[in-house]
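Right, one structure below, let's go through it.
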Amino acid sequence: MRADFYDRPVLEVAQALIGCVVTHGGASGVIVETEAYHDSEPACHAFVGLTPRTETLFGPPGRAYVYLSYGVHALLNAVCESRGIGAAVLIRALEPLAGVELMAARRGVKPDQRRALCSGPGKLTQALDVTLAHNRSDLRLGPVVISERPARFSDPVVQRDRRIGISKAVDLPWRFCLAGSAFLSAPVRDPAPVS
DNA sequence: CATGGGATTGACT
DNA sequence: GTCAATCCCATGC
C-alpha cells in the first residue's frame with residue numbers, strides 16, 4: 001500500500017479499501033464492506049475529543065485502531081487523515097482468501113461455511129486472530145497487513161448505504177459494500193449514489 | 001424472525 | 001460506581 005494511502009478524506013479511503021486484502025495469523029481475506037467514522041459526527045469515538053482511548057484515532061494515518069465492542073469483540077479499523085484529525089475506516093466483512101481451515105477452527109464453524117467466517121466486524125477479527133494488542137500497529141509493516149487489490153478485484157463496483165449497528169448519525173451513507181458480494185455482514189438496504 | 005445473554009472497556013459523576 | 005458501547009449467537013416462537 002502506498003505510504004500516503006490513508007492520508008486523505010476518510011470517505012475516499014473507505015471506498016478505496018474495498019477489494020484490498022487483510023492478512024494476519026496465517027489467513028487472509030478481501031475487504032468487501034467498510035464504514036467511515038470521523039470526529040465531526042457523534043457515532044465516532046473521536047467525537048468526544050482526545051482521550052487515552054481516542055489517542056490512536058488522532059494519531060498518524062495508516063495505523064490500526066482496535067477496540068473492544070460490548071466487552072466481547074475486537075473491532076479492526078484503519079486510522080485515516082492527518083495527525084490531529086480523528087478518523088478511521090471500520091473493516092466490517094471479508095471474503096475469505098487463504099487459511100480457511102484456520103479461520104474455521106478459530107470461529108468454531110465448519111470450513112465449508114465460508115460465508116460465516118468473516119461476515120461481520122467481530123467475526124473477521126476472530127477469524128484472523130486480531131486482538132487489542134494490535135492497536136496502534138502499522139498496517140503496512142504488520143503484523144496485521146493491508147495490501148493492494150488482487151487482479152480479480154482491481155475495479156470493484158461499490159455501493160453506498162447507511163451504517164449498521166449505531167445509534168447516532170444514523171442517516172449518513174458512510175457504509176461501502178462490494179456490489180453483489182455474498183460475504184457482507186448484512187444486505188445493502190438503502191442504496192445511496194456513489195460520488 | 002424476535003429476543004436476550006454474554007462480559008470488558010473507557011468516560012464521566 | 002455507573003452506564004453505554006461501530007456485536008455475535010443461541011434460543012424459542
Side-chain angles (χ1 to χ4, degrees), chain A residues 6 9-11 13-15 17-18 22 27 29 31-59 61 63-81 85-94 96 103-137 139 144 146 159-178 182-190 192:
Chain A
Y6 300 97
V10 68
L11 288 174
V13 181
Q15 184 171 345
L17 280 174
I18 299 294
V22 184
I31 299 171
V32 298
E33 180 180 342
T34 62
E35 284 177 358
Y37 289 87
H38 189 272
D39 60 28
S40 60
E41 48 89 15
C44 182
H45 290 166
F47 186 70
V48 299
L50 184 60
T51 66
R53 183 193 201 190
T54 62
E55 204 177 327
T56 310
L57 284 168
F58 286 101
R63 304 293 189 91
Y65 170 53
V66 185
Y67 78 95
L68 195 66
S69 175
Y70 290 90
V72 183
H73 307 285
L75 268 54
L76 172 65
N77 301 251
V79 175
C80 297
E81 309 205 12
I85 300 176
V89 174
L90 171 65
I91 312 298
R92 283 196 56 91
L94 307 176
M103 290 195 276
R106 291 184 184 128
R107 293 268 306 112
V109 303
K110 296 187 175 179
D112 56 333
Q113 303 286 324
R114 278 184 81 223
R115 277 185 7 209
L117 295 178
C118 301
S119 55
K123 296 181 186 180
L124 71 91
T125 56
Q126 187 182 18
L128 293 184
D129 195 27
V130 172
T131 69
L132 296 187
H134 296 113
N135 189 37
R136 306 184 73 128
S137 67
L139 291 171
V144 182
I146 298 183
Q159 289 182 302
R160 287 182 76 160
D161 193 11
R162 306 210 301 225
R163 294 178 294 183
I164 292 178
I166 57 171
S167 55
K168 299 165 202 157
V170 295
D171 289 329
L172 293 176
W174 285 11
R175 179 187 182 216
F176 296 84
C177 297
L178 177 64
F183 299 93
L184 301 177
S185 67
V188 175
R189 284 185 190 280
D190 184 21

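All values below come from the heavy atoms of this structure, side chains included, with hydrogens, waters and symmetry mates left out.
- Side-chain proximity of A:Arg107 to the nucleotides B:dA11, B:dT8, C:dC9 is greatest for C:dC9.
- Here A:Leu90 lies in heavy-atom contact (under 4.0 Å) with a base.
- Within a heavy-atom distance below 4.0 Å of DNA chain C, the residues of residues 167-175 of chain A found are A:Ser167, A:Lys168.
- A pairwise comparison of heavy atoms in A:Arg163 and A:Glu35 identifies CA-OE2, 3.4 Å as the closest pair.
- For A:Gln126 and A:Arg106, the side-chain atoms include no donor-acceptor pair closer than 3.5 Å.
- A:Arg92 has a side-chain polar atom (N or O) that falls below the 4.0 Å cut-off from OP1 or OP2 of C:dC7.
- Nearest heavy atoms, A:Arg114 versus A:Pro96: NH2-O, 2.6 Å.
- Listed nucleotides: B:dA11, C:dC7, B:dT8. Nearest to the side chain of A:Ser69: C:dC7.
- Proximity of A:Arg160 to A:Trp174: side-chain heavy atoms (C-beta onward) are separated by under 4.5 Å at one or more points.
- In this structure, A:Glu55 places its CD atom 17 Å from P of B:dT9, rounding to the nearest Å.
- Each of A:Leu132 and A:Val72 lies near DNA chain B, and the nucleotide nearest A:Val72 is the one positioned closer to the 5' end.
- Pair assignment for C:dA4 gives B:dT9, based on Watson-Crick or G-U wobble hydrogen-bonding distances that are each under 3.5 Å.
- At whole-Å resolution of the value, CZ in A:Arg106 and P in C:dC8 are 18 Å apart.
- Put simply, the residue from A:Val79, A:Ile146, A:Val89 that forms a side-chain contact (heavy atoms from CB on, under 4.5 Å) with A:Tyr6 is A:Ile146.
- In this structure, CG of A:Leu50 is placed 14 Å from P of B:dG10, rounded to the nearest angstrom.
- Nearer the 5' end of DNA chain C, as judged by each residue's closest nucleotide, is the contact made by A:Cys44, out of A:Ala116 and A:Cys44.
- Of the possible polar contacts, none joining the A:Ser185 side chain to the A:Ala93 backbone as a donor-acceptor pair under 3.5 Å is found.
- For A:His73, counting side-chain heavy atoms from C-beta on, the closest listed nucleotide (B:dT9, B:dG6, C:dC9) is B:dG6.
- As a whole-Å value, the separation of A:Tyr70 OH from C:dC7 P is 6 Å.
- Side chain of A:Thr51 to main chain of A:Thr54: a donor-acceptor pair is present (N/O by atom type, distance under 3.5 Å, no hydrogens or angles).
- Judged by closest nucleotide on DNA chain C, A:Ile166 is the one of A:Ile166 and A:Lys123 placed further toward the 5' end.
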